[in-house]
Amino acid sequence: MTDVLPAVPRTALGVLYGPGDGAASALAGQIRAVDADGGLGRAVARLPGAAGHAAAGEVASQAAGLLDVNLADVLVAGWRKHHDLRAAARRTLAAPGSTELVELVTHRITETQAPYISVLVDGHRVATVRFGLSLGLEVSALLAGVSAGKLVAVHAGRCDVTATLAIQDIDVVTRHARLELPGVIALGRGIRLLETCEYPADL
Amino acid sequence: MRHGRRRYALAGICAVGCLGSAAMSSSANPDGVGTMTVSPASVTAGQVSTLTFTYTDTSDTELKGGEVTLTVPPGWTPPVQAAGPGGVSAGCPLGCTVTVLRDSPTIVISNLSVPPGQGFTITYAQATAPGEAGSSVFTAGERSFSDGTLTPLLSSPIETVTASSVGSPSNSASASPTPSPSASVTASASASASASAGRSVLVSSGPAGSPPTSAAGPPWTRWQVVLELVLLAAVVLAIGVVAVLRATRVTVPSRVRAVPHAGPPASVTVQDTGAEPTLSVRIEPHADTGRPVVASTVVASTVVASTVVTSPAIEEVRS
């Protein structure tokens, strides 16, 4: 018998609504619920029936795109600010050919975004739907490889993700997920941890 | 009159074609809701009778300032706003306005206020049925609010005209003569007195200038039949065109756009939450000199554990 492992979410949208194509429809329902008497609801109600449905669906579809935030990008953005990793990056940059294995202190990376969607009818804005995406990533047991100022390996580590979505300043959903970090981040030839100006031209 | 006749005429023409799209838009669009029935449901060809149309608001919202329209199909006595043949009347608890369009057999009930589940009736008096058997569709439309869109009901009332037992339908009609200007139109509302005013129902009759009915006018001729068929074909064509236009707009709502904005730059913060400090081990490869190498670089302000190894050198750093 083969065990089927649950799909690991790689994006904020995946954490919030799970895998599959149901995110947009779920978002549409939540937008309607939050904005039942708001500008979007009134604007949609004035449109011909099917056009109103199409507009609501388009808003949900665009919202899904805005929330499709790659968790690996958030992790890297946080690590670029972590003093210990930056210090390791500078040391390895100063000692060409050296590599550091960094067992990083447990840390929390938070990111907040506030995208919004304008609904235009005949070029006139009739409604604005505001979103608030809050991501909290608790990273523990991270063992990273750093060389030449770059993150070159993630040997171990896990990340507990908490994602919260607000629509029109009202929290509508909060979900948690756990990621095993090895394999989550595409490292390629290494990810720079410092500012571009700190690297020699040939790196 | 506040509303243009052209819109009512269009509403009458596109009534059937719009049914499909109206069904799709039931949840988002509050217009086109409710049911309308007619009593009696059947008359004989050429019979003079009084038809009572009953509108019921089946939605969970109240009609406020809307309209209901009813269109009398060709062959029937044209509705008039006076007592007599074709007279129309309506009674509304909190008042409403009954109008018959001059160039279209359309009855307009405006400024209606009907709470959910309530309704009202429209009386179409001394109406002469067509001289031939068939089904007559009284197209009904509704909009719930004054700024709504007049939308056909999902099901308009149908009056069945059965064949007369005396003579041929084309010659034996016994309808009343051409309606006099004094004919009346009345409608009575069944809504409770507590209902608020404002919603209206529009009822329109057939196209303007419809030929006189067999009952009220001269006997049918072959040319009249041909004219009726031509008119019918034109209406069917118009319905098709309107349906296609609406379907196109439904699938490509080009005038509605949702534009995403990323918003202000995302804020990213990182904060240590663990008790164990970072442990860093550096590996420095060196060319083999045959001698031990001491890696002694202090790389952090805290503890540095130096080790003596042969190449490559390994250094442990606690920060």
Side-chain angles (χ1 to χ4, degrees), chain A residues 44-56 58-59 61-63 65-66 69 74 77-85 87-88 91-92 95 97-123 129-131 133 138 140 146, chain B residues 18 20-32 145 147-149 151 246-247 249-286 295 297 299-300 312-317 319:
Chain A
V44 168
R46 289 172 184 271
L47 296 173
H53 280 297
E58 180 67 11
V59 170
S61 176
Q62 296 286 5
L66 288 172
V69 177
V74 179
W79 289 340
R80 282 182 171 138
K81 291 190 172 186
H82 197 283
H83 50 88
D84 290 343
L85 271 179
R91 289 194 297 269
T92 58
S98 66
T99 298
E100 285 203 13
L101 293 176
V102 182
E103 187 178 331
L104 202 61
V105 59
T106 299
H107 56 284
R108 180 177 182 80
I109 299 171
T110 58
E111 174 163 324
T112 57
Q113 297 186 6
Y116 60 96
I117 292 175
S118 300
V119 180
L120 308 179
V121 177
D122 292 336
V129 185
R130 302 185 310 278
F131 300 90
L133 175 63
E138 187 84 11
S140 56
V146 179
Chain B
C18 297
S21 55
M24 289 187 292
S25 63
S26 58
S27 61
N29 189 347
D31 299 321
F145 305 101
D147 58 349
T149 301
T151 306
R246 288 193 60 131
R249 189 171 60 176
V250 164
T251 53
V252 187
S254 58
R255 65 193 188 96
V256 181
R257 287 196 304 140
V259 181
H261 305 274
S267 66
V268 180
T269 61
V270 59
Q271 179 183 8
D272 290 346
T273 56
E276 293 294 322
T278 296
L279 174 65
S280 180
V281 177
R282 190 164 78 226
I283 303 149
E284 293 183 358
H286 297 279
T297 305
V299 294
I314 299 176
E315 182 180 8
E316 183 179 279
V317 179
S319 55

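The sequence lines fix the lettering, A, B, ..., with proteins before strands; numbering per chain opens at 1.
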| message | Tell me whether B/Ser280 contacts the main-chain N or O of A/Val102 through its side chain, where contact means a donor paired with an acceptor under 3.5 Å. | response |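 No; zero donor-acceptor contacts below 3.5 Å.
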| Are side-chain N/O atoms of A/Thr112 and B/Ser267 paired as donor and acceptor at under 3.5 Å? |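 On atom types as modelled, these side chains qualify, holding a pair under 3.5 Å.
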| Spacing of A/Thr92 atom OG1 and B/Ile283 atom CD1 [to the nearest 0.5 Å] |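 Rounded to the nearest 0.5 Å, the OG1-CD1 separation comes to 11.5 Å.
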| query | Between A/His82 and B/Thr278, what is the shortest heavy-atom contact and its length? | reply |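 It is CE1-OG1, 4.4 Å.
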| task | Mind listing the closest non-hydrogen atom pair of A/Gln62 and B/Ala258 along with its distance? | result |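 Taking every non-hydrogen atom into account, NE2-O, 3.5 Å.
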Chain B contacts, top residue of [options] (heavy-atom pairs, under 4.5 Å):
| options | result |
| --- | --- |
| A/Ala114, A/Gly65, A/Ala77 | A/Ala114 |
| A/Leu104, A/Thr99, A/Val59 | A/Thr99 |
| A/Val119, A/Leu133, A/Leu66 | A/Leu66 |
| A/Glu138, A/Arg130, A/Glu111 | A/Glu111 |
| A/Ala95, A/Ser118, A/Ala88 | A/Ser118 |

| request: Might you work through the side chain to side chain donor-acceptor pair (under 3.5 Å) test for A/Thr110 and B/Thr269, ending with a clear yes or no? | output: CA-CA 5 Å; A/Thr110 58; B/Thr269 61; 2.4 Å; yes
| Candidate list A/Arg108, A/His83, A/His107, test side-chain hydrogen bond (donor to acceptor under 3.5 Å, both in side chains), partner B/Asp272, passing option |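 Answer after filtering A/Arg108, A/His83, A/His107: A/His83.
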